[in-house]
Amino acid sequence: MVMSFRVSELQVLLGFAGWNKSGRKHELLTRALHLVRPGCSPAIQMKIKELYRRRFPRKVISSTDLTMLHMQGGALPSANSLAQGAVCHMGYDTSASSPTVSSSMLPPVPMLGPKHETDLSHLTPPIHPVHPDVKMKRLPFYDVYDELIKPTTLASTNSQRFEEAHFNFALTPQQVHQILSSRDILPGAKCDYTVQVQLRFCLCETSCPQEDYFPPNLFVKVNQKLCPLPGYLPPTKNGAEPKRPNRPINITPLIRLTSTVPNTIVVNWSSEFGRNYSLSVYLVKQLTSVTLLQKLRAKGIRNPDHSRALIKEKLTADPDSEIATTSLRVSLMCPLGKMRLTVPCRAITCTHLQCFDAALYLQMNEKKPTWTCPVCDKKAPYDMLIIDG
């Protein structure tokens, strides 16, 4: 096990044991092998198993691997032999008597997704759960009907730069009917569906609902067809790496709209040390700015007394301040469209009196979702909007 570790894992192991973790790889490996001499603590053994599972998440820890934790001191390879590159990776039998490699000893090909969960029930659980408790942030312009693939970890499974993961999902007859019956012929003979299959990526974090976030160098194939991704944004400064706008991907045009044949998704991305991503697929209904405005009106209009109280509060002299506010100027013109306000609106988190037009604000975020207050430049998400009476 220890001999298959990379420098980063060796350093973690030595640091855990309180040993010096600086030096070249062969020096770190020699120190680490001294840790697993007979009589090493159970805590060290558990740490080695944990690091090994992180290195090969789907690999079965065999009895041969476990015996390596109890190697005799005389069996340890010398630092010189390690320096000469004679490092044998565990999982490969190097003896002349048995040239064939057992399939259970090889790092397996990663197969993720709901359709493969049952196949992995006999394997050691990975250090990163297949289905972590990741929650995606709700998108105002989409109502979620179903979860086709729940958030699934895109974990690094080997030391290669580029990773690949496979997913399968199938639509039910009802879901196929929902999509087909939502077909909308738009002006210009463009066909679109308001009920869509939506692919989302995010960081694999469970601390709070996650926003969309693409892994680096992302490529997605749906049913063997390359999926178009949002175009790169122009770099903000010279030399900066161009980035894609992080948003959900509508993969409906590439989906097999049948309940008899499953759909496949193949994801390629660049692995990053210490950072994992999550993938999920949903059946959603796309909403318009008109619908969101109706929902906002249905929430009700904030009582004018709230604004009167806010005005009085701002005009009340503060005894601790040398500057007194004697007047407040508010424009009836929307700062976005420079036209008279029709639906005066602001976020409940905003401290200013100035409003903007709700209809125009929703239209702008329908085209490019930023959800930023045009008055104070602070976040003004849809759920925080109120119509000022």
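Nothing here was measured: the structure is a model prediction, and the numbers come from that model. Only this structure's heavy atoms are used, side chains among them; waters, hydrogens and symmetry mates stay out.
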Check: Thr264 and Gln224 side chains under 4.5 Å, non-hydrogen atoms: yes
Glu205 side, atom CD; Glu211 side, atom CD - distance, nearest 0.5 Å: 13.0 Å
Glu9 side chain to Arg6 backbone, donor-acceptor under 3.5 Å: yes
Interatomic spacing from CE in Met384 to SG in Cys350 - rounded to 0.5 Å: 10.5 Å
Within one Ile-Leu-Val-Met-Phe-Trp-Tyr cluster: Ile265 and Phe219, side-chain cutoff 4.5 Å: no
Heavy-atom donor-acceptor pair, Lys379 side chain to Thr370 backbone, under 3.5 Å: yes
Contact check, side chains of Pro304 and Ile301, non-hydrogen atoms, under 4.5 Å: no
Pairwise side-chain contact, Ile348 with Arg302, heavy-atom cut-off 4.5 Å (strictly under): yes
Stepwise side chain to side chain contact (heavy atoms under 4.5 Å, CB included) check, Val220 with Phe214: CA-CA 11 Å; Val220 179; Phe214 289 140; over 6 Å; no
Arg244 atom CZ, over 12 foreign heavy atoms within 6.0 Å: yes
ILVMFWY cluster, Tyr142 and Phe201 together (side-chain gap under 4.5 Å): no
Sub-4.5 Å side-chain heavy-atom contact between Tyr382 and Leu296: yes
Heavy-atom side-chain contact between Val343 and Arg297 under 4.5 Å: yes
Donor-acceptor contact present, side-chain Thr152 to main-chain Lys150, <3.5 Å: yes
Neighbour count above 12 (heavy atom, 6.0 Å) for Lys295 NZ: yes
CA sep, side-chain torsions, deciding dist, call: Arg346, Asp388, side chain to side chain contact (heavy atoms under 4.5 Å, CB included): CA-CA 7 Å; Arg346 66 169 174 267; Asp388 191 330; 2.6 Å; yes
Shortest non-hydrogen contact between His352 and Cys373, atoms and distance: NE2-SG, 3.4 Å
Audit row: Asn268, Phe162, side chain to side chain contact (heavy atoms under 4.5 Å, CB included) steps and yes/no: CA-CA 7 Å; Asn268 295 87; Phe162 292 99; 5.9 Å; no
Minimal non-hydrogen separation, Leu353 against Leu310, with atom names: CD2-CD2, 3.6 Å
Partner of Asp212 under salt bridge (Lys or Arg N to Asp or Glu O under 4.0 Å), chosen from Arg200, Arg138, Lys137: Arg200
With Ile255 via side-chain contact (heavy atoms from CB on, under 4.5 Å) - residues at least two apart: Phe169, Leu171, Val197, Val222, Ile251, Leu257, Asn263
Whether Phe356 and Tyr361 hold their rings parallel, tilted or perpendicular, with breakpoints at 30° and 60°: tilted
From Met136 atom CE to Cys202 atom SG, the distance as rounded to the nearest 0.5 Å: 4.5 Å
Side chains of Ile48 and Phe5 in contact at under 4.5 Å (non-hydrogen atoms): yes
Heavy-atom pair with the smallest gap, counting every atom of Ser259 and Val176: N-CG2, 3.9 Å
Taking every non-hydrogen atom, the tightest pair across Val195 and Ser182: N-OG, 3.0 Å
Straight-line distance of Leu154 CG to Leu203 CG, nearest 0.5 Å: 11.0 Å
Any side-chain heavy-atom pair of Lys378 and Thr349 under 4.5 Å: no
Co-membership, hydrophobic cluster, residues Ile179 and Leu287, 4.5 Å side-chain: no
Lys299, NZ: over 12 other non-hydrogen atoms inside 6.0 angstrom: yes
Verify same cluster id: Leu254, Leu226 (apolar side-chain graph, 4.5 Å): no
Side-chain (Gln210) to main-chain (Cys208) donor-acceptor, under 3.5 angstrom: yes
OG1 on Thr172 to NE2 on His177, rounded to 0.5 Å: 11.0 Å
ILVMFWY network linking Leu293 to Leu341, side-chain heavy atoms under 4.5 angstrom: no
Shortest non-hydrogen separation from Leu292 to Pro140 and the atoms involved: CD2-O, 3.4 Å
Pairwise distance CH2(Trp371) to CG(Leu139) - rounded to 0.5 angstrom: 10.0 Å
Distance-minimising heavy-atom pair for Pro151 and Ser278: CB-OG, 3.5 Å
Asp357 and Met339: CA distance, side-chain angles, deciding distance, side chain to side chain contact (heavy atoms under 4.5 Å, CB included) verdict: CA-CA 9 Å; Asp357 191 84; Met339 294 162 62; over 6 Å; no
Pairwise side-chain contact, Gln178 with Leu283, heavy-atom cut-off 4.5 Å (strictly under): yes
